[in-house]
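Okay, so here's the structure we're looking at.
Computed from a predicted model, the values in this text were never measured in an experiment.
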Amino acid sequence: ARATVGACDPLVIRFDHVTKTYPRTHTHALRDVDFRIRKGEFVYITGHSGAGKSTLLNMLTDEKILKIVHAGDNDYRIFNTHFGIIPKNTFDTQVVSAFVGYKYPGAFSKLVESELRIKVSKGYTVTDWQRRPFSRKQIRYALDDVIHLHALWQKLTYKMQRAGRLEWAMEELKKLENPENYEQDP
């Protein structure tokens, strides 16, 4: 089974033959699931109870699957508050970019422009993401917020390896997995 973020092709997320079986009961939560989310697609995951939605959520805590994010701490707080989980094995481009000389915290659009020479829209940083349906501009903005993450991961990892700082960055990223960082005082 493999869950990856696409590289240079128009795929953003790809699942190949993903199966999750509960060990004690041998019940399948997911069985041989293949799906692709392509650049420009917006996907909802729906289904009845037992359809595998929670299994996909649990994949966020699977240390064998790399999750690439930018400024993920706000999302981690939401995952911790609402689901009691914190993603594991994450690569936060905002955190790592500080190790190669960028200002922290740094804007995603500036990092993409500087590292990848791609200009991304900044128009919907503050918008009502609760309102449905999303406008085409909101969807475009949301996609621009994720489709460059894999290329940034590759570039920043290369720079960190070259500078001999990758281990430092990985230690810092591991700190993001501590639930105490996201707990709120009443």
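Summarising the local packing, CD of Glu63 is surrounded by more than 12 heavy atoms from other residues, nucleotides or ligands at distances under 6.0 Å.
In the hydrophobic clustering of this structure, Ile118 groups with Ile68; members are Ile, Leu, Val, Met, Phe, Trp, Tyr whose side-chain heavy atoms approach within less than 4.5 Å, directly or through other members. Hydrophobic cluster membership is shared by Tyr104 and Leu173, with clusters built from Ile, Leu, Val, Met, Phe, Trp and Tyr side chains linked at under 4.5 angstrom. Under the 4.5 Å side-chain heavy-atom criterion for grouping Ile, Leu, Val, Met, Phe, Trp and Tyr, Leu116 is connected to Val100 within one hydrophobic cluster. A continuous path of Ile, Leu, Val, Met, Phe, Trp and Tyr side chains, each step under 4.5 Å between heavy atoms, connects Leu156 with Met170, placing both in one hydrophobic cluster.
The line from OG1 of Thr61 to CD1 of Ile86 is 10.5 Å long, rounded to the nearest 0.5 Å. The CD atom of Glu172 sits 13.5 Å away from the CD atom of Glu167 when rounded to the nearest 0.5 Å. Asp75 CG to Ile78 CD1: the interatomic distance, rounded to the nearest 0.5 Å, is 5.5 Å. Interatomic distance, OH of Tyr141 versus OG of Ser109, reported as 7.5 Å (0.5 Å rounding). Once rounded to the nearest 0.5 Å, the distance linking CH2 of Trp168 with CE of Met160 reads 8.0 Å. Between the NZ atom in Lys67 and the CG atom in Asn89 there is a gap of 5.5 Å [rounded to 0.5 Å].
Not one N or O on the side chain of Ser114 forms a donor-acceptor pair closer than 3.5 Å with the backbone of Lys110.
The residues Lys159 and Glu115 are annotated as salt-bridged, a charged nitrogen and a carboxylate oxygen being separated by less than 4.0 angstrom.
Side-chain contact between Leu176 and Tyr182 is present, with heavy atoms from C-beta onward closer than 4.5 Å. Side-chain contact check for Asp144 versus Phe108: every heavy-atom pair is 4.5 Å or farther apart. For the pair Asn181/Asp73, no side-chain contact is recorded, criterion being any heavy-atom separation below 4.5 Å from C-beta on. Annotation: side chain of Tyr76 is in contact with side chain of Thr90 (closest heavy-atom distance under 4.5 Å). A 4.5 Å side-chain heavy-atom check between Val120 and His148 finds at least one atom pair inside the cut-off.
Across all their heavy atoms, Phe99 and Arg165 have their closest contact at O-NH1, 2.8 Å. The two residues His70 and Gly106 come nearest to each other via the heavy atoms NE2-O, 3.1 Å. Residues Glu177 and Pro87 come closest through the heavy atom pair CG-O, 3.6 Å. Heavy atoms only, all atoms of each residue included: Ala71 and Asp92 are closest at N-OD1, 2.9 Å. Nearest heavy atoms, Leu111 versus Thr93: CD2-O, 3.8 Å. Between Glu113 and Lys119 the shortest heavy-atom distance is OE1-NZ, 3.6 Å.
Between Trp153 and Phe91, the ring-plane angle classifies as perpendicular under the 30° and 60° cut-offs.
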Check the pair Leu152, Val112 against side-chain contact (heavy atoms from CB on, under 4.5 Å), reporting the backbone distance first and the verdict last. CA-CA 7 Å; Leu152 279 176; Val112 169; 3.8 Å; yes
